[in-house]
Amino acid sequence: MALWDHIKELKNRLIKSAIAVVLAAVAGWFLYDPVVSALSAPLITIAHETGRTAVLNFATIADPFAFKFQIAIQIGVVISSPVWIYQVWAFITPGLTGKERRFTLGYMAAAVPLFLAGIYVAWLVFPTVVRALLQFTPTTAANNISATDYLTFTTQMFLILGISFLVPVLLVGINMAGVVRGKTILKAWRIIVFLVFVLAALAAPGTDALSMLLLAAPLLILFFAAIGLCIVNDKRRDKRTAKAAVENEANANIATPSSELKNL
C-alpha cells in the first residue's frame with residue numbers, strides 16, 4: 001500500500017472514531033449529573049470531615065456549559081471505546097496475513113475489557129487520590145477548585161490508567177505487524193518496571209505500599225505476558241521465514257538443471 005493510501009486509510013479510521021465518540025457523547029450528556037456527583041463526592045466528604053470549604057468553582061457564566069460538554073465528550077470516549085479500538089486494529093491489520101489477522105483479533109477483543117478495567121481501577125482509586133492531595137491544605141484555608149482544572153486532573157488520571165491497561169495489547173498488535181520484535185521490547189524491561197511503579201505510586205499516593213504493589217502487579221503481569229506472546233510470535237515467524245527460504249532454494253535448484261537441459 002502506497003504512503004498516500006496509508007494516509008487516506010488513517011483519515012477514514014479517524015473520522016469513524018470521531019463519529020462514534022460524538023454519538024456516544026450524546027449519551028454522556030444525559031449521564032452528566034450522576035457522573036459529576038460521583039466525581040465531586042470526595043470533595044464533599046472531606047469538607048464534612050474537616051469543616052473546610054471544598055467545592056468546584058466556575059469562574060465564568062459559560063464555564064458550567066463548557067464543563068458539561070467536556071464531561072460528555074470524556075464519557076463518549078469511554079462508551080465508544082469498542083469502536084475506536086477496533087479502528088486501531090483495522091488500521092494495523094491490512095499488512096498481515098489471514099492467519100495473523102485471526103490471531104490478533106483475539107487480542108484486540110481483549111483490548112476493550114482491558115481499557116474499561118483500567119478506567120474502573122481509576123474510578124476506584126480516584127477518591128483516595130483526591131483525599132490524599134487535599135489533606136495538604138492548611139486548616140485555615142479553603143479549596144475553591146477550578147472545575148476545568150479538576151476535569152483535566154480527572155481526565156489525565158483516568159486515561160493514563162485506561163491506556164496503561166491497553167498498551168500490552170497494542171504491543172502485541174505492532175509486533176504482529178512486524179514493527180518491533182519481542183526481544184527488543186524485553187530489553188527495556190527495567191524502564192517498563194520503573195514506569196509501572198511510578199504510575200502505581202501516583203495512582204495510590206498514600207503511605208500504604210501494599211496498595212501500590214496491588215496496582216502495579218496486574219500491569220506488570222499484562223506487560224510481561226504481552227512480551228512473552230511477542231517472543232512466541234517472533235519464533236513462529238522466523239520458522240516460517242526459514243522454511244520458505246529453504247523451499248525457495250530447493251525450487252531454484254530443481255529449476256536450474258531443467259534450464260540447462262533446454263540449452264543443450
Side-chain angles (χ1 to χ4, degrees), residues 14 17-85 112 114-167 195 198-208 211-212 215:
L14 289 175
S17 299
I19 292 174
V21 171
V22 170
L23 293 177
V26 175
W29 184 271
F30 294 100
L31 294 173
Y32 170 80
D33 289 331
V35 170
V36 170
S37 296
L39 293 177
S40 303
L43 297 178
I44 298 172
T45 301
I46 199 168
H48 284 304
E49 292 178 352
T50 61
R52 298 197 304 267
T53 300
V55 294
L56 290 180
N57 180 43
F58 295 97
T60 67
I61 296 176
D63 275 357
F65 173 79
F67 186 72
K68 184 172 184 177
F69 179 78
Q70 291 172 350
I71 287 287
I73 292 295
Q74 301 302 328
I75 297 173
V77 170
V78 175
I79 295 177
S80 64
S81 57
V83 177
W84 58 261
I85 288 176
V112 174
L114 283 175
F115 176 75
L116 296 178
I119 297 294
Y120 180 69
V121 169
W123 183 271
L124 292 179
V125 302
F126 178 74
T128 304
V129 173
V130 174
R131 178 186 295 273
L133 295 177
L134 291 183
Q135 284 177 350
F136 292 99
T137 304
T139 55
T140 56
N143 293 105
N144 292 317
I145 303 170
S146 168
T148 303
D149 292 341
Y150 194 74
L151 173 64
T152 301
F153 170 77
T154 305
T155 301
Q156 290 177 347
M157 179 179 172
F158 276 58
L159 289 182
I160 285 173
L161 279 174
I163 294 174
S164 296
F165 276 67
L166 189 61
V167 167
L195 293 177
V198 169
L199 177 64
L202 292 175
T207 57
D208 184 9
S211 300
M212 182 183 70
L215 182 59

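Position 1 is the first residue of the sequence, and the numbers go up from there.
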Name all residues meeting the side chain to side chain contact (heavy atoms under 4.5 Å, CB included) criterion together with [X]; count only those two or more places apart in sequence or in a different chain, and write none if there are none.
| X | answer |
| --- | --- |
| Ile79 | Ala24, Ala27, Leu31, Ile75 |
| Ala20 | Ser80, Val83 |
| Ser17 | Trp84, Gln87 |
| Ala122 | Phe158, Leu161 |

Q: List the atom of Phe115, the atom of Val78, and the distance in Å for their closest heavy-atom pair.
A: CE2-CA, 4.4 Å
Q) What closest approach, in Å, do Phe165 and Leu114 show between heavy atoms, and which atom pair accounts for it? A) CB-O, 3.1 Å
Q. Which pairs count as side chain to side chain donor-acceptor pair (under 3.5 Å) when at least one residue sits in residues 32-43, sequence neighbours excluded?
A. none
Q. Does Ile61 reach the side chain of Phe65, with side-chain heavy atoms less than 4.5 Å apart?
A. no
Q: Measure the shortest side-chain to side-chain distance between Ile73 and Phe69 over non-hydrogen atoms and say whether it is less than 4.5 angstrom.
A: yes
Q: Using the test ring-ring contact (aromatic ring centres under 6.0 Å, His included), find all partners of Phe67 that sit at least two apart in sequence or belong to another chain.
A: Phe58
Q: Any chance you could measure Asp149, atom CG, to Thr154, atom OG1, to the nearest 0.5 Å?
A: 10.5 Å
Q) To the nearest 0.5 Å, what is the distance between CD1 (Ile119) and CH2 (Trp123)? A) 10.5 Å
Q: Apply side-chain hydrogen bond (donor to acceptor under 3.5 Å, both in side chains) to Asp63 and list each qualifying residue two or more places apart in sequence or on a separate chain.
A: Thr60
